[in-house]
Amino acid sequence: MKMSSRRAWLKGMTLAALGTVAYYDLSAKSKSISLTLSLAEEDVLHRLMGGIIPESSIPGAVSLGVPTFVKTMLKDCYEPKAQDAFRSVLAQIPTFYKGDFNQANGPALEAFLFELEQGKHGVDAKKAIATLKGLTIQGYVTTEYVMVNHLNYQMAPGFWNPCVPVNK
């Protein structure tokens, strides 16, 4: 049996480590970033989120990109069973609404969201709207726009000003 040198052993271990990192990096890129929804489900999601935090003098949830946050959180933090339940409720929402859901806005949409929250359309719809409401508020409050402009967030508070005169 031939003894390998320390240098050859380190070279082999380094190559093995780099190969492992490259494999995991490539496998991570092949996964989708957010929950995949149909176009109809996307429209329902956007309309509901626009009803939870609507546009006004400040941007609403949809214009600040919160739907991407919600889909990512649903995909990464919820079990597949919960994802499927949420997706099925999104598909049923237009049938729950009295009238054309594509035209829903303002007070009518707000009343419909209140009905969903009260559980008038089933327990699954109540759970889904509670999840959506919580994630929407979390995503909205943590956007850069809200943090900087309304919550006065500073990345590194306490500024250093070298040009201040020293008085005795």
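Residue L74 holds its CG atom at 8.0 Å from CG of L132, rounded to the nearest 0.5 Å.
Nearest heavy-atom pair, P67 versus A61, reported as atom, atom and distance to 0.1 Å: CD-O, 3.7 Å. Contact between G50 and V62 at its shortest, heavy atoms only, is N-CG2, 3.9 Å. Of all heavy-atom pairs spanning V89 and A128, the tightest one is CG1-CB, 3.7 Å. When all heavy atoms of L37 and L45 are compared, the closest pair comes out as CD1-CD2, 4.0 Å. Nearest heavy atom pair, residue F96 against residue A125, reads CE1-CB, 4.1 Å. Summarising the geometry of P59 relative to Y140, their closest heavy-atom pair is O-OH, 2.8 Å, with the distance given to 0.1 Å.
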Start with the C-alpha gap between I58 and N149, add the side-chain angles, then the distance that decides, and say whether side-chain contact (heavy atoms from CB on, under 4.5 Å) holds. CA-CA 10 Å; I58 61 173; N149 296 328; over 6 Å; no
The test is side-chain contact (heavy atoms from CB on, under 4.5 Å); show your working for L48 and L90 and say whether it passes. CA-CA 10 Å; L48 289 175; L90 280 181; 4.1 Å; yes
Test side-chain contact (heavy atoms from CB on, under 4.5 Å) applied to Y145 and H150, step by step: CA-CA 8 Å; Y145 176 81; H150 298 284; 3.6 Å; yes
E42 vs H46, test: side-chain contact (heavy atoms from CB on, under 4.5 Å). Steps then yes/no. CA-CA 6 Å; E42 285 272 345; H46 284 222; 3.4 Å; yes
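The pair D84-R87 meets the salt-bridge criterion, with a side-chain N (NZ, NE, NH1 or NH2) lying under 4.0 Å from an Asp/Glu carboxylate O. Under 4.0 Å is where a charged nitrogen must lie from a carboxylate oxygen, and between E117 and K126 no such pair does.
Between F112 and H121, the ring centre distance stays below 6.0 Å.
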